[in-house]
Amino acid sequence: MASLNTQSRKHARKQQIRPLAGSLLALAIGFGVATAHADDALPKLVTKTPLKVGFAQTESNNPWRLAETKSFKDVAAKCGWQIVMTDANGSNSKQVSDIQSMIAQHVDLLVFPPREEKPLAPIVLQAKKAGIPVILVDRDVDQSVAKAGRDYITFIGSDFIDQGHRAADWLVKATNGKAKIIELEGTTGASAANDRKKGFDEIVAKNPGMTIIASQSGDFARDKGRQVMETLLQAHPDVTAVYAHNDEMALGAIAAIKAAGKQPGKDIQIVTIDGTKGGMDAIAAGELGASVQSSPFFGPLACDVAQRYAKGEKIPTWVKVSDRFYDKSNVQQSMQYGY
Ligand code: AHR
């Protein structure tokens, strides 16, 4: 579910002013950093079958990532794509080198979720310089370095700030605006973590009865979420709510809460983001309060955008994905959307 209408970027970052632009540029060239010019046109996309497409995944440690990868595998034949796939195993530098190798192989199109906003921005410029068009999916890069519509075709993804708002709105209602919250953040430096935090924290700030008593990264991983929650529970036994940036960390937190002899969903309300099958089962079991869906099904959207772009259509800088919302009122009838 996405609209191809032009979306204004609520979270668009201001362009940095660089007084020392000349010397920094020289320095960058000296260190071999790509320096595509802002006014260079975006590379064109050839129309041929098969189209060689590079898909560089960040990691494969959770159902969300697996569903995203599967969505590209499933669409490949239908879209006439021959996909080269890599997995960075949770490493920014590996994701960069995976993409560098795809550039060296002269793929026709690059599609990837940048693991973190800043480390993955320069490679977008390198691809542009090599004449390879790029579509970013799921997460975005630092807009002060590489900009959608100028350096890459578009960003296809959810509004992470809005996801944070929706999670917080649910928690405000569920707790009558009174909560001591532990926030389990996603991967530090990832746009998904930055914006989910921003959105949630904005709503909490407007509710004087709600306090974030601790906020720490669990790296979007179940076991890390469990370990962090275990430690934070000891330091903050008065916690009454948890906001996890994804379902996997929420499931880890549920395990830690049970191990501490408390009842998730009763003693501690939990809200999260993703809408995985595991998250939905936990809602049905009454342990998880709600999950804002974050759709991982980018394959068909990326195929559609690529075909339109190759025909010369104007593509909006943000192809926004709209997400469902699950709580006890609708989880049973929504199970078919779980992954
Ligand atoms: O960028 C999307 C996030 O990344 C998903 O919420 C999470 O599960 C994944 O690892």
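Just so it is clear, the values below take in all heavy atoms, side chains as well, and ignore hydrogens, waters and symmetry mates. We count ligands from 1, going down the list as the structure has it; atoms in each ligand are counted the same way.
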task = Taking all heavy atoms of P50 and all of D108, pick out the closest pair and write down the distance.
result = O-OD2, 4.5 Å
request  = Please determine if E59 and R115 form a salt bridge, counting it only when a charged side-chain N lies under 4.0 Å from a carboxylate O.
outcome  = yes
inquiry  = Quick check on E68 - does any of its heavy atoms sit under 4.0 Å from an atom of ligand 1?
reply    = no
ask   = Aromatic rings Y337 and Y326: how do their planes relate, parallel, tilted or perpendicular, breaks at 30° and 60°?
value = parallel
task = Below 4.0 angstrom from a heavy atom of N246, which ligand 1 atoms are there? Numbered from 1 as shown, please.
result = 6 (O), 7 (C), 8 (O)
query = Heavy atom of R139 under 4.0 Å from ligand 1?
reply = yes
ask   = Are S215 and K197 close enough that a side-chain donor and a side-chain acceptor fall under 3.5 Å?
value = yes
Close-contact set for ligand 1 against A192 heavy atoms, below 4.0 Å = 1 (O)
ask   = Quick one: do D74 and K70 make a salt bridge, cutoff under 4.0 Å?
value = yes
message = Considering non-hydrogen atoms of the protein only, which is the closest contact for atom 10 (O) of ligand 1, and what is the distance?
response = N62 ND2, 3.1 Å
task = Check each heavy atom of R196 against ligand 1 and say whether those closer than 4.0 Å belong to the side chain, the backbone, both or neither.
result = side chain
task = Going by heavy-atom distance to atom 8 (O) of ligand 1, choose the closest among D274, V292, D138.
result = D274
message = Please determine whether a side-chain nitrogen of the Lys or Arg among K180 and D238 lies less than 4.0 Å from a carboxylate oxygen of the Asp or Glu.
response = yes
task = For atom 9 (C) of ligand 1, grab the closest protein heavy atom and report residue, atom and distance to one decimal in Å.
result = R65 NH2, 3.4 Å
